[in-house]
Amino acid sequence: MNIQRVKQGAKITFFNGIYISIFGLFYIFFSKYILKENFRAIHVFWNVFEKYNPALAKTLNFLNFTIGILFISIGIFIMYLSYFIIKRKEKITWVILFIAGIICWAGILTISIFIKNILLIFLSGLGWFIFVLGMLLPIRYYLEKTYREY
């Protein structure tokens, strides 16, 4: 039963890696929309900002593009570790995935809350919830499993 939970949790986190990669593609393809929403939260119109400061607007757009690439690379990392857990079920892999995923998703959610973008808060909150669910399923297996000490 515990092995099945490990596989279920790893599959959930694998799909969570796919989700964050798609989230990264969303950041890349809809970066102007995200910037408009971010600027709306601070009561500044993006079009006015883009018109009077095009160099900085281009830099902010490029920043969103690089954030999207970062999300895609984190998604690939999560998928790789999840696949490794499905095949080997090693505790250290689970610990690395747990720490990296929790820090990543909590950071994304916190930044989304700070910039007050409701869409990003929802998308990152959903991703964080799915990741935590995938991590909590196999936790009993890893806590009960004994390992040799060197």
remark   = Smallest heavy-atom separation, W94 atom then M135 atom, equals CZ2-O, 3.4 Å
remark   = Looking only at heavy atoms, the pair that brings I85 and A10 closest together is CG2-CB, 3.8 Å
ask   = Are F23 and F30 connected, step by step, through hydrophobic side chains (Ile, Leu, Val, Met, Phe, Trp, Tyr) whose heavy atoms are closer than 4.5 Å?
value = yes
task = Check the surroundings of atom OH in Y83: do more than 12 heavy atoms from other residues, nucleotides or ligands lie under 6.0 Å from it?
result = no
message = Any heavy-atom pair between the side chains of F26 and L120 that's under 4.5 Å?
response = yes
inquiry  = Looking at every non-hydrogen atom in both residues, tell me the closest pair between S124 and S112 and how far apart they are.
reply    = OG-OG, 3.6 Å
key: Closest non-hydrogen atom pair, S82 against F14   = OG-N, 3.3 Å
ask   = Which distance, rounded to the nearest 0.5 Å, do you find between the CG of L56 and the CG of L63?
value = 10.0 Å
task = Grab the two heavy atoms, one from S21 and one from M79, that are nearest each other, plus how far apart they are.
result = OG-CE, 4.0 Å
Candidate list I113, I115, I108, I111, test side chain to side chain contact (heavy atoms under 4.5 Å, CB included), partner I121, passing option = I113
task = Any chance you could measure K7, atom NZ, to K87, atom NZ, to the nearest 0.5 Å?
result = 8.0 Å
ask   = Considering only heavy atoms from C-beta outward, does the side chain of F77 approach that of I96 to under 4.5 Å?
value = yes
message = Using 0.5 Å steps for rounding, measure from the OG1 atom of T13 to the CD1 atom of I130.
response = 11.5 Å
inquiry  = Could you see if I28 belongs to whatever hydrophobic cluster contains I22? Use Ile, Leu, Val, Met, Phe, Trp, Tyr and a side-chain cutoff under 4.5 Å.
reply    = yes
ask   = Where the side chain of Y19 meets the backbone of L123, is there a donor-acceptor pair that is under 3.5 Å apart?
value = yes
query = Quick one: CD1 on I102 to CG on L97, what's the gap to the nearest 0.5 Å?
reply = 9.0 Å
request  = Following the transitive rule for hydrophobic clusters with a side-chain heavy-atom cut-off under 4.5 Å over Ile, Leu, Val, Met, Phe, Trp and Tyr, establish whether L119 and F114 coincide in one cluster.
outcome  = no
query = Checking side-chain contact (heavy atoms from CB on, under 4.5 Å) for the pair I20/F131: CA distance, chi angles, key distance, verdict?
reply = CA-CA 10 Å; I20 195 169; F131 185 82; over 6 Å; no
request  = Report whether I69 and I18 are members of the same hydrophobic cluster (ILVMFWY, side-chain heavy atoms less than 4.5 Å apart, transitive linking).
outcome  = yes
task = Check whether L137 and V95 end up in the same hydrophobic cluster, where Ile, Leu, Val, Met, Phe, Trp and Tyr are linked by side-chain heavy atoms less than 4.5 Å apart.
result = yes
note = Between the CZ atom in F98 and the CD1 atom in I103, the distance rounded to the nearest 0.5 Å is 9.5 Å
query = So how far is it from T93 OG1 to R88 CZ, rounded to the nearest 0.5 Å?
reply = 8.5 Å
inquiry  = Please identify which of these residues, Y33, F65, F71, meets the ring pair (Phe, Tyr, Trp, His ring centres under 6.0 Å) condition with Y27.
reply    = F71
message = For S73 versus L70, what's the shortest heavy-atom pair and its separation?
response = OG-O, 2.7 Å
